[in-house]
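Right, one structure below, let's go through it.
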Amino acid sequence: MHPRASRAIVAVAGIVLAQAWILAGGQDKAVSGKPAGKAMQVQQAPQKGAAPPAPGCGKPFVVPDESFRVLDGVRDASVWVGDIDSGLLGGFDPFDIYVVTGRLYAPFQLKQGKLGRDNFRKYTANNYNTVRQGPLTLSDQRPRGDLPFTQDERRFTLKVTGIQPSTFGRDTITVQLCW
C-alpha cells in the first residue's frame with residue numbers, strides 16, 4: 001500500500017475513534033476539569049449577545065409601504081408594511097403591518113426589498129419557516145400603535161411612531177424596536 005494512503009486511513013480511523021470515545025463520555029478529567037458522567041453533557045459555548053439587553057428601544061427607522069426590512073438586533077426577523085393608499089387631500093386608508101420571524105433562517109433572503117400584499121401572503125402562507133405575527137392595522141383614526149412579538153422566547157415590541165403619506169411619492173412609516 002502507498003505510504004500516503006496508509007497515513008490517510010490511519011488519520012481517518014483516529015478521528016472516528018476519537019469522536020466515538022468523546023460521544024461515549026470518555027473525556028479525561030485533566031482535559032475538561034470535570035469528571036466524565038454516565039451520559040455526555042453537551043456544553044454549548046455562550047452565544048454572541050446571549051445575555052438579554054437591558055430594557056429599552058433602538059433608534060427609529062423608516063420603512064416604505066409594500067416592503068420589508070430586517071429588524072436589527074433580533075435573529076431572523078423582519079417587518080413588512082402593506083400598501084398605504086394615501087389620498088390627494090391627505091389621509092390614508094387602513095393598512096396592515098406584520099413582523100415575520102423565521103424558525104430556522106431569515107424569512108427573506110434580502111435585508112430589505114419591495115413586496116406587495118399578494119406576494120407577501122403567498123410567500124408566508126404554508127411556509128414552515130415563516131411565522132407572521134400581527135397584524136397591526138393603522139388608519140387616519142389610529143396613526144400610531146404597538147405590535148408585540150416574540151422570537152427565541154424573547155418579547156419585543158415594534159412601535160409605529162409616525163406615518164408619512166405622500167401624494168405623488170412613496171408612503172413611509174417610522175418604526176422603533178423595543179425590548
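Scope of the values below: all heavy atoms of this structure, side chains included, with no hydrogens, waters or symmetry mates. Each residue takes its place number in the sequence, starting with 1.
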Is there a donor-acceptor pair closer than 3.5 Å between any side-chain N or O of [X] and the backbone N or O of [Y]?
X: N129; Y: R103; value: yes
X: T172; Y: P64; value: no
X: D65; Y: D83; value: no
X: N127; Y: Y123; value: yes
X: D140; Y: F92; value: yes

query = If you measure from CG on D76 to OG1 on T130, what distance do you get to the nearest 0.5 Å?
reply =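 So the CG of D76 and the OG1 of T130 are separated by 12.0 Å.
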
Answer with yes or no whether the side chains of [Y] and [X] bring together a donor and an acceptor at under 3.5 Å.
X: T161; Y: Q176; result: no
X: D171; Y: S86; result: yes
X: T174; Y: Q164; result: yes

Quick check: do [X] and [Y] have side-chain heavy atoms less than 4.5 Å from each other?
X: R170; Y: K114; answer: yes
X: L147; Y: Q133; answer: no
X: V160; Y: L138; answer: yes
X: V62; Y: I173; answer: no
X: V70; Y: D72; answer: yes
X: I163; Y: P165; answer: yes
X: V99; Y: L71; answer: yes

query = Do NZ/NE/NH1/NH2 and the carboxylate oxygens of E66 and R117 come within less than 4.0 Å?
reply =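 No, no charged N to carboxylate O under 4.0 Å.
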
message = Looking at F61, I'd like to know if the NZ or CZ of R69 sits under 6.0 Å from its six-membered ring centre while staying within 45 degrees of the ring's axis.
response =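 Positive - R69 is close enough to the ring of F61 and near enough to its axis.
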
Kindly give the heavy-atom pair with the smallest separation between [X] and [Y], and that separation in Å.
X: T101; Y: F149; value: CG2-CD1, 4.4 Å
X: Q151; Y: G102; value: NE2-O, 3.2 Å
X: S166; Y: G169; value: OG-N, 2.8 Å
X: R142; Y: L136; value: NH2-CD1, 3.4 Å

Is there a path of hydrophobic side-chain contacts, each under 4.5 Å between heavy atoms, that joins [X] and [Y]?
X: L115; Y: L158; value: no
X: V79; Y: F95; value: yes
X: F68; Y: V63; value: no
X: I84; Y: I97; value: yes
X: Y128; Y: Y105; value: yes

request  = Answer yes or no: does atom NZ of K111 have more than 12 heavy-atom neighbours from other residues, nucleotides or ligands under 6.0 Å?
outcome  =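 Count not over threshold, so no.
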
inquiry  = Classify the ring geometry of F108 against F120: parallel below 30°, tilted from 30° to 60°, perpendicular beyond 60°.
reply    =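 Aromatic pair F108/F120 classed tilted.
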
request  = Determine the interplanar angle of the Y98 and W80 rings, folded into 0 to 90°, and report it as parallel if under 30°, tilted if 30 to 60°, perpendicular if over 60°.
outcome  =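 Aromatic pair Y98/W80 classed tilted.
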
